Amino acid sequence: MDLQNLNKIGEKSITYLYKAGIYNIESLLTYYPYRYEIEKPAQLPYANKDETININATVIQTSKATYLKRNLNILRIKAEANGLVFTIIIYNRAFLKPNLKPGKQIIVTGKFDPHKRVLVASNIRFGILTKTEIIPIYHSIKNVKPYMLTNWLNEALNEDVVLDDYIPKEYIEKYNFPSKKEAIKILHKPMNEQEIYSAKNRLIYEELFLFLFKVQYLKQQKNDNEAIIKDINMDKIEAFINNLPFTLTNDQKKGIDAGIKDFTTKKTMNRLLLGDVGSGKTIVAIALMYANFLAGYQSAFMAPTEILANQHYNTIIKILENYNIKIELLIGSMSKKEKNKVITKVANNEVDILIGTHAILNENLKFPKLGFVITDEQHRFGVNQRNILQQKAIKPDVLFMSATPIPRTYALMIYGDMDKTFIKEKPQGRKEVITKVKKESELKEVLYHVLEEIKQNHQIYVVAPMILENEEMPLKTVGILKEKFSEAFQHKVPIEILHGKLKNAEKDEIMNNFKEGKTKILISTTVIEVGVDVPSASTIIIFNAERFGLATLHQLRGRVGRSNIQSYCYLICNQDIKRLQVLEESTDGFYISEKDFEFRGEGDLFGEKQSGDMTFQLADLRKDQDILKRALEDVKTWITTKEYQKVTSYQKIIDEMKFNN
Ligand code: ADP
Ligand code: MG
C-alpha cells in the first residue's frame, strides 16, 4: 500500500522515507526499532547509584535557579518519595521552576545517591508513572523526527494491509505464534518485555524459515538424472598443472580433483570452494574451465565488480595463453557495440570462456554449449542468484567461490544446498602479514616504512572510507589523502586514486599502472576490497579503520601478502578499539570471523553496504542459533510435503528465484 495513504504525510517526507529504503506501508511496518528504553517506577531508597532510574516524587519546595554561566543553570528541588525526603539537582531547566510548585507530582529520571540523598536528574516530567513503559528506539532517518515516524507507524498499524506470512499454518499452531500483524504491532507498541521477546522470536523464525526454504528448494531442484558426463583427457590436465609457474598446494589439487569428479560422473556440480583470502582459489577455477573446454563446453565466470572481472580476464588469458582457447570479457560498462559483438560470438559458440560481472545475468545471452558456471566471491550475491545462470542452459556444472570465512556450522546451513571444498593451506613460502594499529600522530613512522618499500620496488595501497568530504563525519577522503601523501613524498612518488565512480576505462588504466609498478601508491575506497591481486604490493594502510568490520578489514588486508615478500598492514585509528587487536594477533580468516561474530553480529560480516546471503532484518545468526536449527528441521520436513505448491506467497518466491536477479 502506498505511503500516500497515510494522513499527514507530505511528498517531501515520502522522499526521505524512500531514501531510507521505506517504499510503502508494508516496509514502514517492518522498520523495526533496534532497541527499547524501559521506564518503570523505582522505590527509594534505591541502592544502585550507577543505574538510571525513574521515580514518582512530590515537590516540597523548589529553589531559585542558580546561574553558573550564562548558559548553565542549576535547579534544586526538595522532594519526597516513599516517605523519604531528598534533593533533586537538574541542569538547564530553570524554565520549569514556575511549574514545580509544592505538592506537584513529577516523574524524575536520573541517578540516586542514597548517602547524600541526592538525585541528579536528566529529565523531569509531570504526572505519575504507574506501570512499566517501554519506548521503542528507531535508527534515525534523515529529516524525519522520531515523533513523525511514531505517528505514521500508529496510522500504518491501523491500515488494512496484507502482509505475506511465510510461516506455514501448521508451524504457527505448533509454536503457538502470534499472527504476523500482531507480532509487528508488539514490536512497535509493546506492553511488556516478555511480549517483545516472543514477537521477535516469531519474526526471526519466519525470516530464517524463508531463507532456509530457498536454500533447500534449490537443493531439491537439483536433478542429477539430467547430468552430463564429461569426457576429459586427464593427461592434458596433468600437463597443464605441470606447466604452471608454481606448484599447487595439496588443497588446490583436491579442489581440482573434486571438480573433475563432478564433471565426469553422473552428477551436476553444485560446489562451494571456500578458502581464505590469498589461498589461491582462482587457479582451481581456471584448471576446471580448461577441463570443461577439453570436454567441449563453454564456461561462464562471474565476478562481483568490474575491476575484478577485468583482473580475472587478464589472469586467465595469460595462464591459458598456449592452449588455443577463446576467451572474452563482457561487462556492463562496455559500449553497446562491443557487447553485441561478444554476445554474437557467444551465441555462435565462438567463445569458450566468458568472463564478466553479474551483468552476464541480465544480458540476453544464449550459450549453445554452456557446461560450467563459476561465481567468484559468492557472498556478494544473494540466494536468488545462486541458480540464475543455471537457467541459461540445460544443466551446467556450477562452482561458487568465496573467501567468506564464516564459521563452519553456519556455512553448513547457509550453503546447505551445496557440496563444499575447503582450501586451508596457503601457497608455500607465504609470510604472515605484519599488522599494526597506529594513531594518526604516528603516521610519520608509517611513511618512513612506505619509503623503504618503494625503494624495494613494492607498491602501497592506501584505503579511505569515502570519496566525498562529508562535514558530519570528518573522515579521510581519497582526495585529502592524496594531497597528504604527495606532500610527504615531495611530489616525487607517483600516486593515483581509484574509486567506484570512475569510468571503466579509467579504472583499468589505473589498475594496470599500479600492477606494473608505474604507480607506487594507490589511494582507494573499498572497491579494492574483494579479490584484487597485485603480488608485488607489500603494504596496505587503512584509514579510519574503526569504521570497518573485522571481516572487511581482513579482506582488505588480503590485498597484500600475495607472494613471498614480507607484507605489512597498518590500521590507522585514533580511538582505542579493542577489536582491531584481533587483526594484530591473527591472520586466520576463520578465527577472525568468529571474533567478528562476537563483536558485531553477522549483520556487518560482509561489510557495510552490500547485500549478501546473510542480511536479515531481525535475525542474528550468532544469537539465534536455536531458532535457526529449529527452522532448518521444520523446513526440511515441510518441503517434502510439497505444500508450498499450494501457497501463493511461496509461489511468488519460487518465481522470483527463477526469473529475478
Ligand atoms: P584468492 O583465493 O584470494 O582468490 P588468488 O586465486 O587470487 O587468491 O591467488 C592469490 C595469488 O597467489 C595469485 O597471485 C596467484 O597467482 C598466487 N598463487 C595461487 N596459487 C599459488 C601457488 N600454489 N603457489 C604460489 N602462488 C600461488
Ligand atoms: Mg579471488
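Computation of the quantities below employed the complete heavy-atom set of this structure, encompassing side-chain atoms and omitting hydrogens, waters and symmetry-equivalent molecules. Residue numbers count from 1 along this sequence. When a ligand or atom number is given, it counts from 1 through the structure's own listing order. This one's a predicted model, so the numbers in the text were calculated from it and none came from an experiment.
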Polar atom proximity, G280 to ligand 1 (N or O, under 3.5 Å): yes
Contact check: Q428 vs ligand 1, nitrogen or oxygen atoms, below 3.5 angstrom: no
N-O pairing of E452 and K455 below 4.0 Å: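 Between K455 and E452 there is a salt bridge, with a charged N closer than 4.0 Å to a carboxylate O.
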Side-chain ion pair, K345 and E328, N-O less than 4.0 Å: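 Judged by the 4.0 Å cut-off on N to carboxylate O distance, K345 and E328 do form a salt bridge.
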[X] heavy atoms, cut-off 4.0 Å: which ligand 1 atoms fall inside?
X	answer
V277	3 (O)
T247	22 (C), 23 (N), 24 (N)
T282	4 (O), 5 (P), 6 (O), 7 (O)
P535	14 (O)
L248	23 (N)

Between H312 and D533, a side-chain donor and acceptor under 3.5 Å: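 Checked: H312/D533 side chains show no N/O donor-acceptor pair below 3.5 Å.
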Pair E496, T519: side-chain N/O donor-acceptor within cut-off below 3.5 Å: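 Short answer, yes.
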Aromatic plane relationship, F485 with F489 - under 30° parallel, 30 to 60° tilted, over 60° perpendicular: tilted
Parallel, tilted or perpendicular: rings of Y461 and F514 (30°, 60°): tilted
Which residue holds the protein heavy atom closest to [atom], what is that atom called, and what is the gap in Å?
atom	value
atom 20 (N) of ligand 1	Q252 NE2, 2.9 Å
atom 17 (C) of ligand 1	R430 NH2, 3.5 Å
atom 11 (C) of ligand 1	D533 OD1, 3.6 Å
atom 1 (P) of ligand 1	K281 NZ, 3.5 Å
atom 7 (O) of ligand 1	R562 NH2, 2.7 Å
atom 24 (N) of ligand 1	P427 CB, 3.4 Å
atom 16 (O) of ligand 1	F246 CE2, 3.6 Å

In the structure I gave you, are the side-chain heavy atoms of [X] and [Y] within less than 4.5 Å of one another anywhere?
X	Y	answer
L288	F263	yes
V277	R559	yes
V446	I541	yes

Ring-ring centroid check F372 F301, cutoff 6.0 Å: no
Ligand 1 contact on S279 by region, counting heavy-atom pairs under 4.0 Å: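 Under 4.0 Å from ligand 1, S279 contributes backbone and side-chain atoms.
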Close approach, G275 and ligand 1, non-hydrogen under 4.0 angstrom: no
Sub-4.0 Å heavy-atom approach of G278 to ligand 1: yes
Side-chain (Q566) to main-chain (E432) donor-acceptor, under 3.5 angstrom: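 Side chain of Q566 to backbone of E432: a pair is present.
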